[in-house]
Amino acid sequence: MREAAALLAQARRIVVFTGAGVSAESGVPTFRDALTGLWRSFDAQRLATPEAFREDPALVWGWYEWRRATVRRARPNAGHVAVAAIEARLPGAVVVTQNVDDLHERAGSVAPIHLHGSLFAPRCSACSHPAPTPDEAAEEPGDGRRVPPPRCARCAGPVRPGVVWFGEALPTAALEAAVEAASTCDLLVTVGTSGLVYPAAEIPQVAARFGAAVLQVNPQETPLDAVSDVNLRGPAAQVLPALVHAAWGADPA
Ligand code: APR
């Protein structure tokens with residue numbers, strides 16, 4: 001922790017790069033966690049595809065309704081709060097996330113870059129016209145349900161979740177901004193990602209290639225160990241507040 005705290009205390013231009021693990025302690029399942037209920041016989045990688053949506057739009061839309069309800073019930077944890085504290089302390093700090101939840105924003109992060117879209121930005125699958133986020137269902141069954149997607153107000157096409165599915169390109173502006181931040185930072189902190197999904201997993205490697213220090217927070221080993229100067233093995237909601245405290249003596253509140 002001492003080495004990591006020194007890296008944070010010295011940093012001037014920081015990128016915090018997060019994955020599903022930062023929201024795990026808020027009760028939001030990660031992607032490598034087995035699916036439950038209606039989707040227990042599917043894996044996320046098969047459901048999160050344009051093909052799955054074409055084949056069974058109600059199954060896929062239902063899955064995202066269930067995920068959106070799970071996120072709405074969730075609260076940001078001490079890990080999200082610590083990320084916002086780092087941002088508040090270091091002007092110009094950039095948060096880049098693969099997560100489609102809004103827990104960074106609810107913890108006070110200003111404008112995290114969402115590389116994989118958002119659960120709260122549905123659009124038409126035919127004409128891309130933005131669609132309103134449906135009101136939360138009175139009771140979202142824990143085991144999930146099939147829900148036919150709403151229709152587009154402009155072309156009546158089926159509305160799809162505003163997330164990046166496997167096989168789809170990342171939003172250009174978000175990816176460019178993330179690469180720009182990683183190539184000009186002096187410290188990148190990667191938190192709760194398996195580093196398996198590209199091109200997002202390239203971001204910590206860009207930072208290392210351009211000479212920045214890389215600090216990883218993850219209870220498990222990942223391929224990002226190879227580019228990390230320091231690995232803090234532990235859950236984000238415990239490690240990040242301790243890191244902020246060790247670096248600046250302040251408790252992220
Ligand atoms: N604190 C920190 N890390 C954690 C915690 C925790 N409490 N719990 C789990 N982790 C780690 C796991 O060890 C794992 O390495 O978080 C990582 C989660 O990995 P994934 O589920 O693969 O999530 P992520 O890396 O964000 O996935 C990338 O894949 O499925 C797609 O688009 C989806 O954005 C997602 C992308």
Side-chain angles (χ1 to χ4, degrees), residues 1 4 15-36 39 42-53 60 63-64 67-68 70-71 74-83 86 95-104 107 112-121 160-171 174-175 178 188-205 214-228 230-244 252:
M1 179 60 85
V15 169
V16 182
F17 178 70
T18 68
V22 79
S23 295
E25 291 154 277
S26 295
V28 179
T30 72
F31 284 89
R32 272 40 327 152
D33 291 346
L35 296 183
T36 57
W39 303 283
F42 299 88
D43 72 56
Q45 302 215 9
R46 261 204 54 222
L47 275 179
T49 61
E51 295 75 28
F53 186 69
V60 173
W63 184 45
Y64 283 94
R67 291 179 58 193
R68 205 184 358 252
T70 303
V71 167
R75 298 207 170 307
N77 62 56
H80 297 107
V81 173
V83 171
I86 292 171
V95 176
V96 177
T97 188
Q98 298 165 86
N99 300 345
V100 292
D101 64 47
D102 62 347
L103 296 176
H104 279 304
I113 297 172
H114 283 269
L115 289 177
H116 294 159
S118 162
L119 287 170
F120 302 95
R160 57 160 288 168
V163 302
V164 178
W165 280 330
F166 285 94
E168 294 186 322
L170 273 56
L175 185 57
L188 182 139
V189 182
T190 174
V191 185
T193 181
S194 56
L196 295 173
V197 177
Y198 283 77
E202 187 71 29
I203 300 297
Q205 301 173 50
V214 176
L215 166 55
Q216 177 172 221
V217 177
N218 195 314
Q220 312 281 336
E221 269 188 43
T222 76
L224 295 173
D225 283 43
V227 294
S228 298
V230 180
N231 287 293
L232 298 177
R233 296 261 181 260
Q238 287 169 31
V239 172
L240 288 176
L243 175 64
V244 166

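For the numbers below, each heavy atom of this structure counts, side chains included, while hydrogens, waters and symmetry mates do not. Both ligands and their constituent atoms are indexed starting at 1 by order of listing.
Scanning L232, N77, T193 for the heavy atom closest to atom 24 (P) of ligand 1 points to T193. When S194, G192, P235, A48 are checked for heavy-atom proximity to atom 20 (P) of ligand 1, S194 turns out nearest.
Of all atoms in ligand 1, listed by their number and element, those nearer than 4.0 Å to a heavy atom of F166 are 30 (O), 31 (C). Atoms of ligand 1 found under 4.0 Å from any heavy atom of G19, numbered from 1 in the order shown, are 26 (O). Short contacts between ligand 1 and E25, defined as distances under 4.0 Å to a heavy atom of the residue, involve ligand atoms 1 (N), 6 (C), 7 (N).
Between P219 and ligand 1, not a single N/O pair is under 3.5 Å apart. Considering backbone and side-chain atoms alike, A20 places an N or O below 3.5 Å from some N or O of ligand 1. Between Q220 and ligand 1, not a single N/O pair is under 3.5 Å apart. For a threshold of 3.5 Å applied to N or O pairs, the pair formed by A236 and ligand 1 contains at least one separation below that value.
At a threshold of 4.5 Å between non-hydrogen side-chain atoms, the residues L243 and L215 count as touching. Between D102 and V71, some side-chain heavy-atom pair lies under the 4.5 Å cut-off.
Formation of a donor-acceptor pair under 3.5 Å by the E168 side chain with backbone atoms of W165 is found in this model. Using modelled atom types, no side-chain atom of N99 and backbone atom of D101 make a donor-acceptor pair closer than 3.5 Å. Although no hydrogens or angles enter the test, the distance criterion places no donor-acceptor pair under 3.5 Å between the side chain of R233 and the main chain of V217.
Residue L240 is tested with V191, V16, N77 for a side chain to side chain contact (heavy atoms under 4.5 Å, CB included); the sole match is V191.
When all heavy atoms of R67 and V100 are compared, the closest pair comes out as NH2-CG2, 3.4 Å. Here the shortest heavy-atom pairing between P171 and L115 reads CD-O, 3.2 Å.
Looking at V197 against ligand 1, only its side chain comes within 4.0 Å, counting heavy atoms. If you look at A24 next to ligand 1, the close heavy atoms, those under 4.0 Å, all belong to the side chain. Here Q98 has heavy atoms under 4.0 Å from ligand 1 in both its backbone and its side chain.
Taking 4.0 Å as the cut-off, N218 counts as a neighbour of ligand 1 on heavy-atom distance.
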- Item | Stepwise side-chain hydrogen bond (donor to acceptor under 3.5 Å, both in side chains) test for S23 and H80 | CA-CA 8 Å; S23 295; H80 297 107; 3.1 Å; yes
